[in-house]
Structure formats: structure tokens, C-alpha cells
S.K.: 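Please see the structure below; I have some questions.
Just so you know, these numbers come straight off a predicted model, no measurement behind them.
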Amino acid sequence: MWRSLWRSIDRFSLQHFKYVIGELRRIEVVDKFNRDLVIDLLQSIVEIVTYGDRQDPLIFECFMEYQVLAEFVRVLKISKNSRIEAPLLQYLSIMIQNMDSEHAIYYCLSNDYINSIITHQFKFDGTDLASYYISFLRAVSSKLNRDTLCLLVKVQGDVVVSFPLYSEALKFAQHGEKMIQTAVRALTLNIYNVSDDMVHQFITSLPVSKYFMDLVYSLKEQSVHLDNLVHGLSEKCISQRRKELLLETDKIVDDLYYFKDILCVGESRLNEVVEQNLVNMFAFPILLSLLPLRQIDGLNLSAITSFYLLSRLIQVVGGQYITNSVARVVLYHYMSLSVRNVDEESVGASFSNHLNYTERLMCSGSVSEKEVNGNGKPLCAHLPRCNHLSSSLINSTADDNVCLKRSGILEFILSNNHGHLLAALYLLLTLAESKDLDYLLELLIGVGSMQHVTSCSISSLKVADQSIFTKFMPQISNALLKVLASEPCCCVLIRQQAGWLLLKLLALQGKKLDDNNLLQFITSYEQSRECLQRELDGCWFDYILDTLRNEWASCKAALEQPSQTEDPFFLLEHALCQQISAAPDQKSVPVSDDATTSHLAWKRMVDAVKVFIAHVQLKSFIWKGKLLEKPLSDSVESPPDYGRTHASDLSSASFGSEVSLGSGIPCRIAFPNAGIRDIYLIPVASGVSGRLLLVEKHPFRSQRGVVLAMAPLAGLSPKIDADHPTWLHLSIREFDPKFNANKGRSYSSKASSNHNADGRWTLGFANAKACETACLLILEETSRQRSSVSEALATLLQSDFLVDLSESQNHE
């Protein structure tokens, strides 16, 4: 008997479940005194129901019989500032998420209990209740299907008049917390993916469909903010501003992917609403900035930002309607010129229909005219002026190229502004490579038109001859080569992108450079070669060979399929660099966090190497039709590993090694923590490596010493003090790149942002003659090392790997 009294209660028994329900029913009011008890009861109910759904059908029958969900609703209504809402929603979310049987899900969503909880007047007063509420709504949405969706909507006749789950969730669509926004979007997609005609009609009809307009409006605001980040002066350094740009572009791309997910549902009415809002409220206001009439800019965005946003729109969202709408407006001016430059009778109605459709497209929309262009005037009001401008260009007696240069996208393609050129070409290539682009528009752009010669009509071929890339290939190539040959102020990334675009166009068009452009490329190639050789006089000449090997693969990848081709973020970076370089007060805009002398010199050397590699690869493609596959030969000597503790000669000595004093010159140096020390200075060059050793005489071996400190010969720049002829000043590179052979020969910088300048050693000698001798000895050994690097580089440049340019020309 006593043993039975101590027997533990089965928490998941039907009897215990009824007991817990009874205890909950006895609660008449929920306040701070019984809040914990109520929470324990709710938790027990959820645990038992979850268990019963999978293990014991009698438990769930009891759950339905006792109308337990009604008790949850009652608890919400009788609570008085007890903060019971959050745990109640949490437990309900857990219970719904863990339900597997269709019978249990169907019951929970019926009887309007869930709707009562959804529409309860919660007080979202800055607490975390909103996150629990949205999690609950998302859990409910995850159980929706065609059979259960009807349980949560109110219908009059054949029309849905109320859908609390969807309507209440949309109130949090622009919530400040990213996790809540994400949950709302996941919830909406769960609803969209349920194929229910009445619900889709409800979603795509006003006022509910205003949600999509609000999304686009938010996207426009983010676009303006992005443009302000790119072009607004700031005290922040480039790296910090770049981080801000990345964060802002990530937000925009996330929104675009959400639109893409909605379109992937495949519901025609939903697609129509989303696409029309994106085109009329987002794309068209941006496209207005590409028209010659600058005073009607829809969003007042810069050209760079506009091209970036349009490219991302096509890349991420795409679709026939959006892609062709953008393409038609981008090509509108050139389209009208091209049609008039060929026999209109042979062209037929195809392009005329395209032009007419474009005009109708620009004048129509599912939103108000004020929303279409942002300034209250319909787009069609500007078309007569645009058409008049196009006609005046055609009838002009001026050179045809000059006229076309003022029209539409050609204004940017043939611009002297590098950013505009690359951005416009990038957008055109993005359009041309889209599988959604209409065939006639593809012909008008010109990329890929030659692949369809057999299936083209004569009229289409005539229009293809007027295509932008076909007709203006020499001018476009010339413009890209100018970017490639630009001064070092143009960042390497931009020149790599120019090279990638040139390779892309040459490959797609199946053409080669004409004589003028070929001569320009040869000149640019020689400039890059001379720039690399000038680095032999710099403080990083000892790393040139290793940098060539290290950067080869990444530079080749940047020309083949750069990571930036998926995200043209480089356009914004270029605009940012241009804006900073043009700032009137350079001191107010920091360029780098760790702008030490050696660090800037390192960047300059690496940039010279990258530009040279780009020219080598382009040369190989122009004359051989392919990029070079193999990296530079590893047979060329590189700086040795300095990690050994013992060495047999000076060239391989390291800190603590015992070496021969040899011809070392005695001097003195003051260390911060070790005081003044008597040492020997020993510069030594071995092949392409060279170091300066500071050696302290061994206490027991007169001709031997122990290495106290080392520094690379490159960058020492020895200088005798003008006021103290016995003092020798040496500059020590503070920035220390470390090559990692285990990671594709990549390097990692260990430069500290705490250093504002490179290190310096000051050595004191017995007399001025000894000081001068030491200076000359350092310069002599440095010259020997530089000569070895120069010879190795010359051998490399003249090797079979880098085919001589003149031989390639003669071969052609």
C-alpha cells in the first residue's frame, strides 16, 4: 500500500492529462501570482498532446472532447498584465510544429480557435512578444494545404473577404528586426504556394495587394540610400564604406530574391501584380535616368547605381516580362535608329511592333502615373520629345557615329567615364545572355546573332548588321583598351573587368581586334611590362617572382569567370574610388587603415603584377584564342624559409643562429629593451634573396657570432645622417606578407593598423669612414640581389611560356 503511494505519476497518461485540463479550467484570472502555475499547465498540455499525436490516439480524442484550444483562447482573455502571451504563443507554436497527423492539424485549424488567437489584441510594447507572435503565425502557415487553408479564411459567396493569418502577418512586413521580416516572408510564401484561386484573388486585389507596392517602395528607398552611400562624402575609410555598401546591397539582393521566390510560385495573377509593380515602380524610374532628358530622372540616381540595380534585377529576378521590358527601354532610342537605317519594307512589321509595344509599355501600368515616374508626369508625355530627338539625330548631316553617341545607352558605352562604360556594357551583356530575351532584341544587341544566321530572315540579318556590338565593336574595344591602359589611379579590379568584357565580346562576336586596336593593345602591353620592371627599383623587388606565381591563378580566374560577374559590386567600388579621388580635401577621406609606406608600396607592386598578368592572358587569347592554363614555373628561385634555428651559412641564417663573423663591420645599436649592444653588421645576398644580419660576438668563439636581428635587404634605403656622419639610418619594412604554400600560395598580411610608419634602425660606427663603408656594402649586396631578380624576371619574360609578341605577330 505505502509503495503505491510513492509510485511516480505517469506524466503522459490520459488520467494525468485530464487532471491538468481540470486544473487549467479552474483558473478564473491570470495575474502575477498564478502566472508560473498557468505556464506549467500549458507546458504540460503541449507535451502530452505532442506525445499523444504520435503514441496514444485517446489523448488527442480527449484534447478534442475537452476543447483544450478554447481554454488557450480563454486564458488570453482573462490575463491581466501577467505577460502570459509570449509563453502561450511559444507552446502553441511547438505543438503545431510537432503535429504529424492530418486529422490533428485539421482539427486545430478548425472551429476558428486559431483565428481568435491571431486576431487577439496583443500589446506589442517593445518586448519580444512580436517574435513569438510571428513564430506562431509561421508555424500555422507551415501546415497549410488546399484542405486546411479554407479553415482560416472567411468567404462570402465565392470571394474571400478576410484572411487574418495573412493580413496580420503583413503588419510586420517592415519590422525593424531582420528575423521577423524573414519569418513574414517565409509565411507569405507558404500561403502563395497553396494553389487556391480564391485566396490568390484576395491577395492580388486591393487593398491587400498594396503589400507588393510597399515592397517595391521600400526597394526604391534602399536604392536611394545605396546611391547616397556611393556618392556621399564621408570621413570613413574606404574599407569601412565598402562594408556599408556590402550590407546595403545585401539587403537589396535579399528583397530581389524574395520577389524571385514569389514569381517561382507560378501563379499568373500573382506574377502579373509583382512584375508590373517591379517594372512600373522600380525599373522604369531607374530607366528614365538613361534617357537623354536628364531633367526627368525618376529616382535621381547616378548612372552607376542605376546600371547596377538593373543588372541585379535581371540577374536575380529576370523573367520574360521584366527582362524584355528593361531591354526595350534601354534599346529604345537605338532601336528606332536601327529600323530607320534599313529598308523598312524588308524589315516588315516586327520591329515596328516592338517600337509600338515599347511605347505602350512605357505609358501603361497597374499603378498611378505619379508612381510610374515619380514626378507626376506619365512616361508617354516624354516620348514625343524623345522621338523628336531621335528623328533629329537621324536627319542630321553630322557623322552617324557622333549622332548615335548622343542617343540612349550609347552615350554611356562610348563615354570617357570608365565606370559608365563598364556599367553599360555589363548591363547589355546581362540582357544578351538572359534566356528570357526576345530574339529580335537579341539581334539588336548583337551578341549571339551570328549563331542564328541560318534561321534568320534577310530583314532580321539587316537589322543584326545594325546591332550595337556588331556596328560599334571597334569603338567599344578601343574604349575598353583605354581602361586597360589607364594610369595606376584606375584600380586593378576595374582593369580586370575591362579585360573580362573584352574577352567576352571577342569570344561571343567571333571577331578579332582591328589594326588600330591591336596597336593600342601592344602599346598597353609594353606599358604594363615596363611598369612591372620599374618595381625592381622598389622596396618589394624581392617578392616580385613569388607574387607572379601567387597571383596567376586568381588573375586568370578574374578574366575567365570573375566572381564579380555574378554580382557587379565592382561598379559601386569603382564609383566610390572615383568619388574619393575627386574629393577636394584628400585629408578628410582616409584611404586605408594601415597605410604604412611599405604597405602602400606592396599594393603598388601587386597591382603592377596583376595588370601584367592580365595583359599576358589577353595577348594569349588575341593570338592563340585561349588563356594560358599553367601557372608560372616554380623553378625560379623564391625567398627561402627562415624558420631554421641552426644554419651552415649566412644565407640561411635565422634568429639565434651561430654564424661566421667574416667581413662583418663592428657597430653599436640601442635596443628598446636591451640597451646598447656591440654588434657586427653583415649584409648578404644569395640569389633572389637577401638579408641584413645583426650579429653579436660569441663569448667563447672569437670568429663566430649569434644572430640578434634580421631585416630584408630590399627596402633598407641606407642613409648617413647629415649631422652625425657616424650614424647610419635604415628603414625596416613594417608590413610583412606571409606566403602560405598550403593554400594555393596565397599570402596573408600581418600589418598592424597601429603602425603609422615603417620601423627604423640607427647604427653607430667608430668613425665616418666605417659608416660609409657599411652603407656601400649594403648597397652593393642589395644591387647583387636586385640583379638576380632582374635576370630571373628577364628569363621568365623571354621563356617559351610567355610567347614573344613580335613572333606571334609574324606568325599571324
Side-chain angles (χ1 to χ4, degrees), residues 1-80 82-118 120 122 128-129 131-133 135-145 147-148 151-152 165:
M1 176 179 177
W2 291 107
R3 183 174 298 177
S4 62
L5 291 176
W6 290 100
R7 185 181 304 162
S8 61
I9 301 175
D10 185 359
R11 294 178 56 245
F12 297 103
S13 66
L14 179 60
Q15 182 181 2
H16 182 64
F17 184 45
K18 291 180 179 180
Y19 167 77
V20 174
I21 296 174
E23 290 295 310
L24 184 63
R25 284 183 167 184
R26 293 189 182 94
I27 303 295
E28 296 181 357
V29 63
V30 181
D31 51 29
K32 62 181 181 180
F33 301 105
N34 63 354
R35 176 180 179 273
D36 293 339
L37 172 62
V38 175
I39 290 176
D40 290 340
L41 294 174
L42 294 177
Q43 180 180 359
S44 298
I45 288 175
V46 169
E47 290 176 349
I48 297 172
V49 170
T50 302
Y51 169 82
D53 180 54
R54 300 178 180 178
Q55 304 292 335
D56 190 350
L58 294 178
I59 289 178
F60 199 81
E61 289 182 7
C62 179
F63 176 80
M64 293 186 292
E65 179 183 352
Y66 283 80
Q67 299 288 306
V68 177
L69 274 181
E71 292 300 315
F72 279 74
V73 176
R74 187 180 69 86
V75 167
L76 278 177
K77 293 180 179 179
I78 63 174
S79 60
K80 294 183 178 180
S82 62
R83 303 289 183 180
I84 196 67
E85 294 90 349
L88 184 144
L89 292 173
Q90 182 183 18
Y91 293 139
L92 271 178
S93 301
I94 294 173
M95 183 180 70
I96 293 174
Q97 287 173 350
N98 287 280
M99 283 185 176
D100 292 332
S101 67
E102 295 181 3
H103 175 68
I105 296 172
Y106 190 90
Y107 171 77
C108 286
L109 299 184
S110 61
N111 298 319
D112 215 33
Y113 295 134
I114 296 296
N115 275 342
S116 297
I117 296 174
I118 292 173
H120 180 76
F122 294 99
D128 57 354
L129 179 60
S131 60
Y132 288 106
Y133 180 71
S135 296
F136 166 67
L137 298 186
R138 183 177 180 178
V140 173
S141 71
S142 66
K143 301 300 181 179
L144 293 180
N145 55 44
D147 296 325
T148 57
L151 302 174
L152 297 178
L165 175 65

S.K.: If every non-hydrogen atom of Ala139 is compared with every non-hydrogen atom of Ser93, which pair is closest and at what distance?
M.R.: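 The answer is CB-O, 4.0 Å.
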S.K.: Parallel, tilted or perpendicular: which fits the ring planes of His120 and Phe122, with parallel below 30° and perpendicular above 60°?
M.R.: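 Geometry flag for Phe122 against His120: perpendicular rings.
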S.K.: With the side chain counted from C-beta on, respond yes when Asn111 and Leu69 share a heavy-atom pair under 4.5 Å apart, and no when they do not.
M.R.: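 Counting from C-beta outward, Asn111 and Leu69 never come under 4.5 Å.
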S.K.: Output yes when a side-chain donor or acceptor of Asp100 lies under 3.5 Å from a complementary backbone atom of Asp53, and no otherwise.
M.R.: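 Judged by distance alone, no pair lies under 3.5 Å.
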S.K.: Does Arg54 reach the side chain of Asn98, with side-chain heavy atoms less than 4.5 Å apart?
M.R.: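 SC-SC contact between Arg54 and Asn98 confirmed.
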S.K.: Would Val68 and Val49 satisfy side chain to side chain contact (heavy atoms under 4.5 Å, CB included), going step by step from the backbone distance to the final call?
M.R.: CA-CA 10 Å; Val68 177; Val49 170; 5.8 Å; no
S.K.: Considering all heavy atoms of both residues, which atom of Lys143 and which atom of Met99 are nearest to each other, and what is their separation?
M.R.: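 Looking at all heavy atoms of both residues, the closest pair is NZ-O, 3.0 Å.
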S.K.: Assess the residue pair Glu85 and Tyr133 against the criterion (side chain to side chain contact (heavy atoms under 4.5 Å, CB included)); give the C-alpha distance rounded to whole Å, side-chain angles, the decisive distance to 0.1 Å, and a yes or no.
M.R.: CA-CA 9 Å; Glu85 294 90 349; Tyr133 180 71; over 6 Å; no
S.K.: Do the side chains of Ile48 and Asp56 get nearer than 4.5 Å, heavy atoms only?
M.R.: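 No. Closest side-chain heavy atoms not under 4.5 Å.
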S.K.: How many angstroms lie between OG in Ser116 and CZ in Phe72, if you round to the nearest 0.5 Å?
M.R.: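 Going from OG on Ser116 over to CZ on Phe72, the span is 14.0 Å.
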S.K.: How about His103 and Tyr106: do any of their side-chain heavy atoms sit closer than 4.5 Å?
M.R.: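 Not in contact.
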S.K.: Do Cys62 and Leu14 have side-chain heavy atoms sitting under 4.5 Å apart?
M.R.: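 With C-beta onward as the side chain, the pair touches.
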S.K.: To the closest 0.5 Å, what do you measure between OG1 (Thr50) and CD (Gln97)?
M.R.: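 Interatomic distance, Thr50 OG1 to Gln97 CD, rounded to 0.5 Å: 10.0 Å.
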S.K.: Would you call Val46 and Leu92 a side-chain contact if the rule is heavy atoms closer than 4.5 Å?
M.R.: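 They are not in side-chain contact.
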S.K.: Starting at OG of Ser110, measure out to CE of Met64 and round the result to the nearest 0.5 Å.
M.R.: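 Between Ser110 OG and Met64 CE, I get 9.5 Å after rounding to 0.5 Å.
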S.K.: Distance-only, no hydrogens or angles: does the Arg83 side chain make a donor-acceptor pair with backbone N or O of Arg35 under 3.5 Å?
M.R.: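 No: the side chain of Arg83 does not pair with the backbone of Arg35.
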S.K.: How long is the span from the CD atom in Glu61 to the OH atom in Tyr107, to the nearest 0.5 Å?
M.R.: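 So the gap between those two atoms works out to 12.0 Å.
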S.K.: Kindly indicate whether the side chain of Asn115, heavy atoms from C-beta on, has any atom under 4.5 Å from the side chain of Leu151.
M.R.: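 Sidechains of Leu151 and Asn115: no contact.
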S.K.: Begin with the C-alpha distance, continue with both residues' side-chain angles, and end with the deciding distance and a verdict on side chain to side chain contact (heavy atoms under 4.5 Å, CB included) for Ile117 and Leu76.
M.R.: CA-CA 8 Å; Ile117 296 174; Leu76 278 177; 4.0 Å; yes
S.K.: Return the OG to CD1 distance between Ser135 and Ile96, rounded to the nearest 0.5 Å.
M.R.: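 Reported to 0.5 Å precision, the distance equals 11.5 Å.
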S.K.: Does a donor on one side chain and an acceptor on the other come within less than 3.5 Å for Thr148 and Asn145?
M.R.: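 Judged by distance alone, the side chains do pair up.
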S.K.: Rounded at 0.5 Å granularity, tell me how far CD1 in Ile21 sits from NE2 in His16.
M.R.: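 NE2 of His16 is found 10.5 Å from CD1 of Ile21.
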S.K.: Would you say that Ile114 contacts Val140 through its side chain, given a criterion of any heavy-atom pair below 4.5 Å between the two side chains?
M.R.: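 Result yes, sub-4.5 Å side-chain heavy-atom pair found.
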S.K.: If we ignore hydrogens and angles and just use 3.5 Å, is the side chain of Asn34 paired with the main-chain N or O of Val29 as donor and acceptor?
M.R.: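 It does hold such a pair.
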S.K.: What class does the angle between the rings of Phe63 and Phe17 fall in, given that below 30° is parallel, 30 to 60° is tilted and above 60° is perpendicular?
M.R.: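 Phe63 vs Phe17 ring planes: parallel.
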S.K.: Do other residues, nucleotides or ligands put more than 12 heavy atoms under 6.0 Å from the CD atom of Gln67?
M.R.: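 Count over threshold, so yes.
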S.K.: What pair of heavy atoms forms the shortest contact from Leu152 to Leu144, and how long is it?
M.R.: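 Nearest pair, atom of Leu152 first, then Leu144: CD1-CD2, 3.6 Å.
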